[in-house]
Visitor: 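Got a structure for you, questions after.
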Amino acid sequence: MISTIREHFPILNQNINGHPLVYLDSAATSQKPRQVIEAVKKYYEWDNANVHRGVHTLGSRATDAYEGAREKLAKFINARSTKEIIFTRGTTTALNIVASSYGPSAVGEGDEIVLTQMEHHSNLIPWQQLAKRTGATLKYIPLQKDGTITLEDAEKTITDQTKIVAIAYVSNVMGVTHPIKELAAIAHRHGAVIVVDGAQSTPHMKVDVQALDCDFYALSGHKMLAPTGIGALYGKRSLLEAMDPVEFGGEMIDDVGLYESTWKELPWKFEGGTPIIAGAVGLGAAIDFLQEIGLDEIHRHETTLAAYAEQRLSEINGLTIYGPLKRKVGVVTFNLGDVHPHDVATVLDAEGIAIRAGHHCCQPLMRWLEVSSTARASFYLYNTEEDVDRLVSALLKTKEYFADELG
Ligand code: 7TS
């Protein structure tokens, strides 16, 4: 099945600067299969209306489509109920809801919020802000040389003072997977909740929020074949029930008076305003597509590809790869001697290859790595060994081009 996957992605069938496109930037955003594009198109051509209000046919079709997508997502990550799935703009918004709604009720002066230095800014700054507002302290589980953490260190860092542990399941830079289930058990033993940044895990591996026993889980649709602008927050029902909404206005209310108002039940109390209906429809179609292929198959394909990429890249003299040796996800971050990653990315673009260069929204991690930026190739289900070969030969060309700087 994987071998014919590319045909489903129209965007991949083009030349960039005279070369067939090799897209190695799926950690930033994934490409979209025709099935998703068509679902959004069909929605706008046939079903478009606002949700949860009209009694007319289009209104009920749009509502069914929107709520149907919620059911698909709930099943996809094995939530207990659709009440536990709040549609958001993406991971950033989802994490901000937890920090600004759950945060102040759970965290006070002297309490601790535990993170790692590897977190994406979206899973760092909301907690910094919460700490500033409440007088809580941020603590970091130390990183090993390869970017992994140990449960021993987690045990030492998480204490009875810890109220929130916030951590990515998969790093967007290091290709590292964290032991969420074990961390959840440690957090719970101390009476803390665990908030999981699932931006880079949900697209690439089977996720079961009940088996992980996480309290909150954030994800972005656009990294898992869906359109931009749609994502979700999963939360355990009892926690979400007790939380206040963060956005107030239409859609999320039950009864509105001049001085007091009441909210709808879950999940709608968190979805103020007209929601991202077409985005949710696209997310539903993306989930169908991922499930037709199978997350285990996708994960196996990416792991094989990452191992091949690591082996081929390590043959290039002067190239440093960051992260663990046997990575389980398709993200490979590297530097080519002292050549600036932006220069590497520019030469690769001239060869039709799209990678990302920069700090990847992880400036504290860059400081820990003692670099200002890195180059990153990230793989998804539509990438092939041939893409890796193209990357390697373009990097060899880059090396020749910058021979002086490489000494
Ligand atoms: N968390 C992680 C681990 C991420 O990789 C990203 C986006 C986010 C949160 C934020 O997701 P958003 O959809 O709300 O923006 N990561 C990247 C990246 O690695 N390159 O571009 C965006």
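Keep in mind that the numbers below use all heavy atoms, side chains included, and drop hydrogens, waters and symmetry copies. Every number for a ligand or one of its atoms is a count from 1 in the order of the listing.
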Visitor: Determine whether the side chains of D208 and N78 contain a donor N or O and an acceptor N or O closer than 3.5 Å.
Guide: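 Looking only at side-chain atoms, N78 and D208 do form a donor-acceptor pair, the distance falling under 3.5 Å.
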
Visitor: Classify the side-chain pair Y140/E119 by whether it contains a donor and acceptor separated by less than 3.5 Å.
Guide: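 Y140 vs E119: no donor-acceptor pair found between side chains.
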
Visitor: Ligand 1: which residues have a non-hydrogen atom closer than 4.0 Å?
Guide: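 Close residues (ligand 1, cut-off 4.0 Å): A27, A28, T91, T92, H120, S122, N172, D197, A199, Q200, S220, H222, K223, R356, R376.
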
Visitor: Hey, are S201 and Y217 close enough side-chain-wise for a donor-acceptor pair under 3.5 Å?
Guide: yes

Visitor: Take a 6.0 Å sphere around CD of E386 and say whether it holds more than 12 heavy atoms from other residues, nucleotides or ligands.
Guide: no

Visitor: Can you see whether E112 engages T159 through a side-chain donor-acceptor pair at a distance of less than 3.5 angstrom?
Guide: yes

Visitor: Taking atom types as modelled, find out whether T150 and D153 have a side-chain donor-acceptor pair closer than 3.5 angstrom.
Guide: yes

